[in-house]
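To keep things clear, I will list the structure first and then write my remarks on it.
Fair warning: this is a prediction, and the values are worked out from it, not measured in the lab.
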Amino acid sequence: VQLQASGGGLVQAGGSLRLSCAASGTIFSARTMEWYRLAPGNQREWVATLTSSGFRDYANSVEGRFTISRDNAKNTVYLQMNSLKPEDTAVYYCKTNFLRDYWGQGTLVTVSS
């Protein structure tokens with residue numbers, strides 16, 4: 001299983017970004033997909049989950065601002081991030097699980113104040 005994350009960048013507070021994570025080597029439509037983030041000096045933090053059946057869950061810190069979605073035809077999961085805050089600055093990772101956890105390489109999101 002390989003996960004390739006992209007879409008990070010520098011954005012001003014209040015702005016938006018959309019992250020993408022393309023998967024290969026697995027039956028993507030059957031997989032729960034998740035986003036995590038790691039900010040400097042912090043522990044890795046769970047951000048959002050999207051199951052194969054469409055159930056979504058979000059961390060309190062991003063609820064109402066971030067939206068996780070998927071396109072099974074493209075084997076891709078997205079994280080739409082709106083109303084970004086400086087505290088959202090982190091490396092964002094996608095993750096799935098099939099017998100074990102698989103992680104993407106991470107994409108850096110920097111939100112300036």
Side-chain angles (χ1 to χ4, degrees):
V1 178
Q2 291 187 331
L3 302 175
Q4 182 72 35
S6 60
L10 174 63
V11 63
Q12 288 189 332
S16 298
L17 280 175
R18 188 178 80 156
L19 306 183
S20 300
C21 175
S24 61
T26 186
I27 304 174
F28 177 79
S29 60
R31 302 290 167 248
T32 290
M33 301 299 299
E34 298 184 293
W35 287 97
Y36 286 75
R37 64 187 181 186
L38 179 60
N42 290 359
Q43 292 185 334
R44 188 160 54 195
E45 175 189 18
W46 166 74
V47 174
T49 295
L50 177 56
T51 68
S52 58
S53 61
F55 171 78
R56 292 175 171 83
D57 197 13
Y58 299 94
N60 289 339
S61 58
V62 307
E63 178 83 52
R65 300 188 297 122
F66 290 11
T67 301
I68 188 170
S69 62
R70 66 195 299 158
D71 185 336
N72 288 336
K74 296 182 178 180
N75 287 358
T76 300
V77 63
Y78 304 98
L79 186 67
Q80 177 67 45
M81 305 185 296
N82 299 329
S83 303
L84 282 162
K85 305 175 181 180
E87 51 264 42
D88 294 318
T89 294
V91 178
Y92 285 72
Y93 299 88
C94 53
K95 193 198 91 169
T96 192
N97 181 283
F98 179 63
L99 302 181
R100 68 168 181 89
D101 289 342
Y102 293 89
W103 294 87
Q105 86 287 4
T107 185
L108 177 61
V109 173
T110 304
V111 184
S112 62
S113 57

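In this structure, Leu19 and Tyr78 have side chains that are not in contact, with every pair of non-hydrogen atoms separated by 4.5 Å or more. When side chains are defined from C-beta on, Arg37 does not count as touching Arg44, because their heavy atoms never get closer than 4.5 Å. Met81 is listed as a side-chain neighbour of Tyr92, based on a closest heavy-atom distance under 4.5 Å. Using a 4.5 Å cut-off on side-chain heavy atoms (C-beta onward), Glu45 and Ser61 make contact. Val77 places none of its side-chain heavy atoms less than 4.5 Å from the side chain of Lys95. When side chains are defined from C-beta on, Val109 does not count as touching Asp88, because their heavy atoms never get closer than 4.5 Å.
Closest of all the heavy-atom pairs between Ser16 and Gln80 is CB-NE2, 3.9 Å. Residue Ser113 comes nearest to Ala13 through the heavy atom pair CA-CB, 4.4 Å, listed as atom of the first residue, atom of the second, then distance.
Within a 6.0 Å sphere centred on CD1 of Ile27, heavy atoms belonging to other residues, nucleotides or ligands number 12 at most. Within a 6.0 Å radius of CD in Gln2, no more than 12 heavy atoms belonging to other residues, nucleotides or ligands are found.
Under a hydrophobic clustering in which Ile, Leu, Val, Met, Phe, Trp and Tyr are joined whenever their side-chain heavy atoms come within less than 4.5 Å, directly or via other members, Leu79 and Val91 fall into different clusters. In this structure, Leu17 is a member of the same hydrophobic cluster as Met33, with clusters built from ILVMFWY side-chain heavy atoms closer than 4.5 Å. Side-chain heavy atoms closer than 4.5 Å link hydrophobic residues (I, L, V, M, F, W, Y) into clusters, and following such links, possibly through other members, connects Val47 to Leu3.
Counting only N and O atoms by type, the side chains of Thr49 and Asp57 include no donor and acceptor under 3.5 Å apart. Residues Arg31 and Thr26 bring a donor and an acceptor atom of their side chains to less than 3.5 Å of each other.
Residues Trp35 and Phe66 place their aromatic rings such that the two centres sit no closer than 6.0 Å.
Listed for the Arg56 side chain is a donor-acceptor partner under 3.5 Å among the backbone atoms of Ile68.
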Determine, stepwise, if the pair Glu34 / Tyr93 fulfils side chain to side chain contact (heavy atoms under 4.5 Å, CB included). CA-CA 8 Å; Glu34 298 184 293; Tyr93 299 88; over 6 Å; no
